[in-house]
Amino acid sequence: MEVLQVVADLVCTRRVEGMQAVSLRVLQSEQGVVSVASDPVGVPEGKWVFVTTGSAARFAMPDPLTITDLAICGIVDHWECAGNAQAVTPDAAAADTGARADVRAAP
Amino acid sequence: MEVLQVVADLVCTRRVEGMQAVSLRVLQSEQGVVSVASDPVGVPEGKWVFVTTGSAARFAMPDPLTITDLAICGIVDHWECAGNAQAVTPDAAAADTGARADVRAAP
Amino acid sequence: MEVLQVVADLVCTRRVEGMQAVSLRVLQSEQGVVSVASDPVGVPEGKWVFVTTGSAARFAMPDPLTITDLAICGIVDHWECAGNAQAVTPDAAAADTGARADVRAAP
Amino acid sequence: MEVLQVVADLVCTRRVEGMQAVSLRVLQSEQGVVSVASDPVGVPEGKWVFVTTGSAARFAMPDPLTITDLAICGIVDHWECAGNAQAVTPDAAAADTGARADVRAAP
Amino acid sequence: MEVLQVVADLVCTRRVEGMQAVSLRVLQSEQGVVSVASDPVGVPEGKWVFVTTGSAARFAMPDPLTITDLAICGIVDHWECAGNAQAVTPDAAAADTGARADVRAAP
């Protein structure tokens with residue numbers, strides 16, 4: 001599973017029947033790689049989510065026959081963008097506190 | 001799922017039986033990576049489409065026994081090529097308005 | 001699906017039982033990445049083929065229980081090696097006309 | 001299968017139903033690539049683990065219907081971080097002896 | 001399928017039940033990428049093997065319920081390391097003749 005950020009909706013009026021009317025979201029990784037996921041959760045733009053790929057993506061949908069290979073499985077409470085961490089200045093870090101990971105040491 | 005652009009047809013007169021007479025399209029990512037997908041939709045050249053991989057690709061075909069691991073699932077209404085966005089001049093941007101993404105903020 | 005070039009046979013006298021006596025071919029991508037595919041078609045060396053991965057590879061074999069995750073599905077009539085196109089001089093281009101793709105505009 | 005290091009817990013209070021209350025761990029490869037795995041073993045932070053992907057990840061969970069595409073399958077007794085080996089000075093090497101792989105020659 | 005070299009055993013005393021007591025080998029690609037495979041063949045260290053991924057890896061094991069996503073399927077008779085070929089001097093090439101591929105032209 002990967003942690004990606006929701007950046008936009010994807011509008012596709014013409015699609016194969018098996019896609020049904022499922023919501024599609026454009027996601028972006030910390031490295032800027034763009035992908036498209038089906039969204040059974042209903043995630044607001046800007047949130048960091050974790051996604052599953054392959055057949056597990058179908059099982060994450062309410063209808064497991066939905067055609068998808070990438071599905072949003074949950075919203076990460078907090079996430080620190082590790083890839084950009086080195087470029088973050090103290091001021092910038094203060095400004096995006098809300099995007100930091102709530103990573104706890106394993107008990 | 002990924003968003004790719006249809007750039008050409010692929011002609012394969014000699015193929016395994018399970019491929020049937022399915023249409024094959026050459027797709028290209030924003031980074032220029034080339035792949036081949038089966039096309040159950042009938043997409044004109046130049047359009048941006050989103051594709052599914054793995055077993056989901058078979059379920060996207062009218063006959064789910066078709067041998068494929070990459071299938072076109074729908075046509076993206078509009079798509080802005082993010083990878084090239086930095087190189088776009090104002091004039092060029094005006095010229096390719098039709099290829100920009102209709103990305104809406106999630107409600 | 002990807003388009004790769006057959007560059008050699010692979011000789012493996014000691015293999016797991018489920019591989020049977022299937023022909024194995026060494027394939028190379030335009031970028032020079034090497035992989036091994038099972039060959040149900042019988043492709044001469046030098047040809048460009050398209051391949052399927054994952055479970056679809058098994059369905060491409062005459063016996064779908066054959067152990068494989070990459071199978072040749074057909075021979076591409078003609079293929080232009082896009083990755084090398086920029087380095088091709090007019091003379092060289094004339095010399096390798098036989099390797100150019102028969103890519104037709106979608107109707 | 002890959003060998004990755006457990007670096008943190010991942011907190012996701014809002015998740016799809018099929019994820020149940022499974023523990024999620026943030027893993028990091030030797031090259032610094034971050035991914036998220038379900039953890040049926042209960043691994044302390046800092047340990048090197050090996051993981052399976054795809055459908056095999058589900059079979060590694062106590063409940064094979066758990067939605068996951070990356071699961072921790074075991075703890076590596078010792079692991080030498082090959083990617084950093086070239087940068088290791090004798091002193092540093094002595095300091096992290098506990099992280100070296102117990103790799104034995106095959107009999 | 002890929003061709004990789006066996007470089008070591010992997011010792012994991014604590015593992016999920018479905019892994020059973022299967023042998024695990026550390027493999028390395030020509031580019032130096034490290035992965036872990038289950039070994040139903042019993043391959044001596046240093047040999048080049050070809051491996052299958054995904055669900056095909058499970059079918060390569062004596063017990064197809066073994067949890068694995070990468071399994072050794074056979075030993076390559078001879079293999080020329082293409083990635084290092086350019087750096088090989090005549091003397092070095094003579095010394096590692098045993099590692100060269102027995103690649104025959106397809107009939």
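To find a chain, count down the sequence lines: A is the first, B the second, and so on, and within it residues start at 1.
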Non-hydrogen atoms of C/C12 and E/D77 that approach each other most closely:
CA-OD1, 3.6 Å
How close do E/E30 and E/W48 get, counting heavy atoms only, and between which atoms?
CG-CH2, 3.7 Å
How far apart are the closest heavy atoms of C/D9 and C/V26, and which atoms are they?
O-CG2, 4.0 Å
Close side-chain approach of E/R15 and E/L24, heavy atoms under 4.5 Å:
yes
Cut-off 4.5 Å, heavy atoms of chain C, and the answer for E/F59 is both
For residues 46-60 of chain E, which residue pairs pass the salt bridge (Lys or Arg N to Asp or Glu O under 4.0 Å) check, not counting sequence neighbours?
none
Are there residues of residues 63-71 of chain C whose heavy atoms fall under 4.5 Å of chain E's heavy atoms? If so, which?
C/I67, C/T68, C/D69, C/L70
Are C/V36 and E/E2 packed together at the side-chain level, in the sense that at least one heavy-atom pair is separated by less than 4.5 angstrom?
no
Could you check whether any side-chain N or O of C/Q5 sits under 3.5 Å from a backbone N or O of C/G46, counting only pairs where one atom can act as donor and the other as acceptor?
yes
Please identify, among E/G54, E/C73, E/G74, the residue contributing the most non-hydrogen atom pairs under 4.5 Å to chain C.
E/C73
